[in-house]
Amino acid sequence: MTEIKNSYETVFILSTKLGEDETAAMIEKFKNLISKNGELESVDEWGKRHLAYPIAKQTEGVYTLINFKSSPDFTAELDRIYKITDGVLRSLIIKKDERELKAKKEEPKAEPAVEAAQAE
């Protein structure tokens, strides 16, 4: 039986109280965890950002976005690990819509109309 793999993206916010070394180690920990249980597609570290509202009396956090493919069972485990890890202020895991992903791949790249207008 083939294993079902879905596309997901996760965003997590780490506390700025951790320090740069601990923050880097935490991000690496989550990247390794995801790559062991799925297929890591991309990692986008947004860095330190101001929070929309205070979380645990903190107004800044370190944001990281990770795109990956895995089985649905792993996302529940990843969410559990986020919740029990000290230093993670918030986390979110979203399943990507496969129909949208296919539509984006099949979409033909249009010629820039601006260049044609400037050439005249």
Side-chain angles (χ1 to χ4, degrees):
M1 183 175 212
T2 59
E3 184 179 340
I4 298 172
K5 288 201 173 196
N6 297 319
S7 293
Y8 296 95
E9 69 179 19
T10 181
V11 177
F12 55 91
I13 306 170
L14 299 175
S15 172
T16 55
K17 292 181 179 178
L18 293 175
E20 290 182 27
D21 293 337
E22 287 184 60
T23 300
M26 189 89 62
I27 292 169
E28 194 63 33
K29 170 189 165 184
F30 289 125
K31 287 192 315 191
N32 290 336
L33 179 67
I34 291 170
S35 64
K36 286 179 186 174
N37 293 287
E39 181 182 322
L40 194 64
E41 293 179 340
S42 67
V43 179
D44 191 9
E45 295 181 26
W46 296 347
K48 188 186 292 187
R49 302 274 174 118
H50 188 75
L51 301 173
Y53 54 89
I55 302 171
K57 297 183 182 179
Q58 296 184 46
T59 57
E60 289 186 330
V62 179
Y63 285 71
T64 304
L65 168 74
I66 300 177
N67 291 299
F68 65 99
K69 287 186 178 181
S70 74
S71 66
D73 297 337
F74 172 65
T75 57
E77 178 65 13
L78 181 62
D79 190 43
R80 186 188 72 79
I81 292 170
Y82 282 148
K83 289 178 181 177
I84 64 171
T85 303
D86 289 337
V88 176
L89 298 177
R90 286 283 187 273
S91 63
L92 179 67
I93 303 171
I94 298 175
K95 179 182 174 192
K96 293 182 182 179
D97 188 5
E98 294 295 327
R99 294 173 292 193
E100 282 185 27
L101 293 173
K102 288 179 185 177
K104 285 182 182 179
K105 287 181 183 177
E106 295 172 1
E107 205 172 86
K109 294 186 178 181
E111 294 293 323
V114 176
E115 290 179 17
Q118 289 177 350
E120 292 177 9

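Because only heavy atoms are used, hydrogens play no part in the values below, and waters and symmetry mates are left out as well, while side chains stay in.
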Heavy-atom check, side chain of Asn37 versus side chain of Glu77, under 4.5 Å: no
Do Val43 and Leu33 belong together in a cluster built from hydrophobic side chains that touch within less than 4.5 Å? yes
Rounded to the nearest 0.5 Å, what separation is found between the CD1 atom of Ile55 and the CD1 atom of Ile13? 5.0 Å
For Tyr53 versus Arg90, what's the shortest heavy-atom pair and its separation? OH-NE, 3.9 Å
Kindly give the heavy-atom pair with the smallest separation between Asn6 and Pro72, and that separation in Å. ND2-CG, 3.5 Å
If you take all heavy atoms of Asp79 and Ser91, which pair is closest and at what distance? OD1-OG, 4.0 Å
Please lay out, stage by stage, how Tyr8 and Ile94 fare under the test side-chain contact (heavy atoms from CB on, under 4.5 Å). CA-CA 6 Å; Tyr8 296 95; Ile94 298 175; over 6 Å; no
Hydrophobic cluster membership, with links at side-chain heavy-atom distances under 4.5 Å among I/L/V/M/F/W/Y: are Tyr63 and Phe12 in one? no
Would you indicate whether the side-chain heavy atoms of Glu60 and Arg49 approach each other to under 4.5 Å? no
Hey, could you give me the CZ/CZ distance between Arg80 and Phe74, rounded to the nearest 0.5 Å? 11.0 Å
Co-membership, hydrophobic cluster, residues Met26 and Ile93, 4.5 Å side-chain: yes
Distance (rounded to the nearest 0.5 Å) between Leu65 CG and Ser42 OG: 6.0 Å
Going through the distances and angles, do Lys17 and Gln58 end up as a side-chain contact (heavy atoms from CB on, under 4.5 Å)? CA-CA 9 Å; Lys17 292 181 179 178; Gln58 296 184 46; 4.0 Å; yes
For the atom pair OG1 (Thr10) and CD1 (Ile66), what is the distance rounded to the nearest 0.5 Å? 6.5 Å
Full working for side-chain contact (heavy atoms from CB on, under 4.5 Å) between Ser7 and Lys95: CA-CA 6 Å; Ser7 293; Lys95 179 182 174 192; over 6 Å; no
Where is the tightest heavy-atom contact between Thr59 and His50, given as atom of each residue plus distance? O-ND1, 3.3 Å
Atom NZ of residue position Lys5 - does it have more than 12 heavy atoms of other residues, nucleotides or ligands inside 6.0 Å? yes
Determine whether Trp46 and Leu92 fall in the same hydrophobic cluster, where Ile, Leu, Val, Met, Phe, Trp and Tyr are linked whenever their side-chain heavy atoms lie under 4.5 Å apart. no
Any link between Val88 and Phe68 through a network of hydrophobic side chains (Ile, Leu, Val, Met, Phe, Trp, Tyr) touching at under 4.5 Å? yes
Value for CG (Leu89) from CG (Leu51), rounded to nearest 0.5 Å, stands at 6.5 Å
Which distance, rounded to the nearest 0.5 Å, do you find between the OG of Ser70 and the CD1 of Ile34? 8.0 Å
Aromatic ring proximity Tyr82/Phe30, centre distance under 6.0 Å: yes
